[in-house]
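Since this is a predicted model, take the numbers as computed values, not measurements. FYI, the numbering just counts along the sequence from 1. Both counts, for ligands and for their atoms, begin at 1 and track the order of listing.
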Amino acid sequence: MKVETRKTIPYPDQKPGTSGLRKKVKVFRQPHYLENFVQAVFDVLGAISGKTLVLGGDGRYFNREALQIIVKMAAANGAGRLIIGQGGLLSTPAASCLIRKYQTLGGFILSASHNPGGPDEDFGIKYNATNGGPAPESFTNAVFARTLEISEYRVADLPDLDLDRTGETQWGSMSVRIIDPVEDYAGLMEELFDFKLISQSLKVGALTVCFDAMHAITGPYARRILEDRLGAAAGSVINAIPKEDFGGGHPDPNLVHAHALAELMNAPGAPVLGAASDGDGDRNMIMGARFFVTPSDSLAILAANAHLLPGYREGLCGVARSMPTSQAVDRVAHAMGIDCYETPTGWKFFGNLLDARKITLCGEESFGTGSDHVREKDGLWAVLFWLNLIAVKKQPVAEIVREHWRRFGRDYYSRHDYEDVDSSAAEGIMTHLRGQLADLPGKRFGSYKVAFADDFRYEDPIDGSISEKQGVRIGFDNGSRMVFRLSGTGTEGATLRIYLERYERAPENHGLDTQESLAELIALAESLSEVKQRSAMAAPTVIT
Ligand code: G1P
Ligand code: ZN
């Protein structure tokens, strides 16, 4: 095997965001762009000689091309073995599962998650570490620093690998194993959930499901697990064939983008459970008939009921949520007498807590829930969790949620996104908010009195690392909150996210419309941030 060392020059924009490096395909296609980033990861890893790496992606446009490049670079950098999903496919949680199961050094996941795909759309790459989780900030910062000084990369002179045939082959100096992308992951799910009970409930028709794979990676996973193994009716999985451009849609499971599912769930004769996942399979949306479960509530409900399911029978050691996620899970943790951690946005912040067994379950308001079974959020896992829960409780989704609210109170919750805002206008909004933080505490606005206002700073309880400026929080004395932060996953302009929540203990007030119940808080958030004037936008682009 001939190894070529090629000269390159640095790109200034390879700083990984909330979840890896995401850019337009056109950006990735610039000469040596992908190569620089991959080499920088290898350089920071140091000794990869003889080590095993997992490779796969969500199947979006450029996935296969990028994989061929990484295979040749891995060989040139001395990797001993590669484990690759057949067709170059692996969902993000399945990649995490493989890294852990086969105790590999780590892996590359090729995905831009819920961002659209295609020649004019987005691509992404991220490195996951030995624990199966996204590399921590210390690592991604080192990779970024390395990309700024890189001058050469190594690539092996090998033909393209056949990604479609399973089995083990010798490729240059490495051994390469192409595996079925679903099998190991499905096995793990079977350990966690009561497949027998779920399949009985499906068989007798007590349980019916519609899963929208949104033309993305979970299609093959959901078909195999839900239809083939559990016996859900054929056709329960819709939009099941992964497409390079996700059929032209946004593979983002929310009421706006998963509209086919939302329509079905609001029509007469809707299935008991409706669910969807995103481009790379780590997000989930949960619905019942004519009922939408907010991700924050879903996390709280999973935490309150986990002990009913085989994989969690021994109880939870603790829970965590990202800072902007509603405080619903905090109430459950309090009632159960377990710790609840508040982390910055992004799954990487849960890794240390999971590794140290401080938490078992964790989640984010952005349609992400997961547990210690892998080190990523996991869309299908959440769906199986709900299926198992419904099979145990024999109640419709809406009833499970309402019962939860009666017990713990309801956290009305919504996120308002202003997308594609001019970057300096968006920075201006954040600076304007930060400028008010010192004066806000004690101030009264209508029925809301400010209890605290700060820019969230996180000190990791395990390794002591500090992450600053993770979002402006304004808390009120009645427990309500608003949070402002800029997205770290976009590829164009800036996205301002405004997160709003209001707690309501009294069951007679649990039936309000979410936007109406938050109206006063929304108006206050808009006025404190001056978002409309500064962004020149009359309304949010997406409300979830
Ligand atoms: C968004 C979500 C965040 C999630 C991330 C990756 O990041 O808000 O919770 O972890 O996508 O799926 P953001 O664009 O807000 O930085
Ligand atoms: Zn995703």
Original post:
Between Arg357 and Asp355, is there a salt bridge with N-O shorter than 4.0 Å?
Top reply: no
**OP:** Tell me, please: is Lys348 in heavy-atom contact with ligand 1, that is, under 4.0 Å?
**Re:** no
Original post:
Below 4.0 Å from any atom of ligand 1, is there a heavy atom belonging to Gly346?
Top reply: yes
**OP:** Would you mind running through ligand 1 and noting each atom that sits below 4.0 Å from a heavy atom of Arg497?
**Re:** 8 (O), 13 (P), 14 (O), 15 (O)
Original post:
N/O of Arg485 under 3.5 Å from N/O of ligand 1, yes or no?
Top reply: yes
**OP:** Report yes if Ser19 has an N/O atom closer than 3.5 Å to an N/O atom of ligand 1; otherwise report no.
**Re:** no
Original post:
Which ligand 1 atoms does Arg415 reach within 4.0 Å, using its non-hydrogen atoms?
Top reply: 8 (O)
Original post:
Any ion pair linking Asp122 and Lys24 (charged N to carboxylate O, less than 4.0 Å)?
Top reply: yes
Subject >> Closest heavy-atom pair and its distance - Phe367, Asn254 >> reply: CZ-CB, 3.9 Å
Original post:
With only distance considered, is Leu486 within less than 3.5 Å of ligand 1 through an N or O on each side?
Top reply: no
Original post:
Is any N or O atom of Ser487, backbone or side chain, closer than 3.5 Å to an N or O atom of ligand 1?
Top reply: yes
Original post:
Under 4.0 Å between a Lys/Arg side-chain N and an Asp/Glu carboxylate O for Arg283 and Glu376?
Top reply: no
**OP:** Answer yes or no on whether Arg534 is positioned over the face of Tyr418, meaning its NZ or CZ is under 6.0 Å from the six-membered ring centre and within 45° of the axis.
**Re:** no
**OP:** Measuring from the Zn ion (ligand 2), name the closest N, O or S atom belonging to Asp280.
**Re:** OD1
**OP:** Provide the number and element of each atom of ligand 1 under 4.0 Å from a heavy atom of Thr345.
**Re:** 3 (C), 8 (O), 9 (O)
Original post:
So which heavy atom in the protein is nearest atom 1 (C) of ligand 1, and how far is it from that ligand atom?
Top reply: Arg283 NH2, 3.6 Å
Original post:
Quick one: does Lys377 get an N or O within less than 3.5 Å of an N or O on ligand 1?
Top reply: yes
Subject >> Shortest-distance N/O/S atom, Asp278 versus the Zn ion (ligand 2) >> reply: OD2
**OP:** For Arg481 and Phe476, indicate whether the former's side chain and the latter's backbone hold a donor-acceptor pair under 3.5 Å.
**Re:** no
Subject >> Selected option - heavy-atom contact closest to atom 4 (C) of ligand 1, from Glu376, Glu365, Lys126, Glu364 >> reply: Glu364
Subject >> Phe408 ring center near His404 ring center (under 6.0 Å) >> reply: yes
Subject >> Sub-6.0 Å ring centroid separation between Phe123 and Tyr61 >> reply: no
**OP:** Considering only NZ, NE, NH1 and NH2 on the basic side and carboxylate oxygens on the acidic side, decide whether Asp330 and Arg321 come within less than 4.0 Å.
**Re:** yes
**OP:** Identify the protein heavy atom lying closest to atom 7 (O) of ligand 1, giving its residue, its atom name and the separation to 0.1 Å.
**Re:** Thr489 CG2, 3.5 Å
Original post:
What's the atom name of the N, O or S in Asp282 nearest to the Zn ion (ligand 2)?
Top reply: OD1
Subject >> Arg434 and Asp455 ion-paired at < 4.0 Å >> reply: yes
Original post:
Please state which protein non-hydrogen atom is closest to atom 9 (O) of ligand 1 and give its distance, to 0.1 Å?
Top reply: Ser366 OG, 2.6 Å
Original post:
Hey, is there an N, O or S on Ser113 sitting under 2.8 Å from the Zn ion (ligand 2)?
Top reply: yes
**OP:** State, to 0.1 Å, how close Leu110 and Asn63 come at their nearest heavy-atom pair, and which atoms those are.
**Re:** CB-OD1, 3.5 Å
**OP:** Run the numbers for me: atoms of ligand 1, each under 4.0 Å from some heavy atom of Gly488, listed by number.
**Re:** 13 (P), 14 (O), 16 (O)
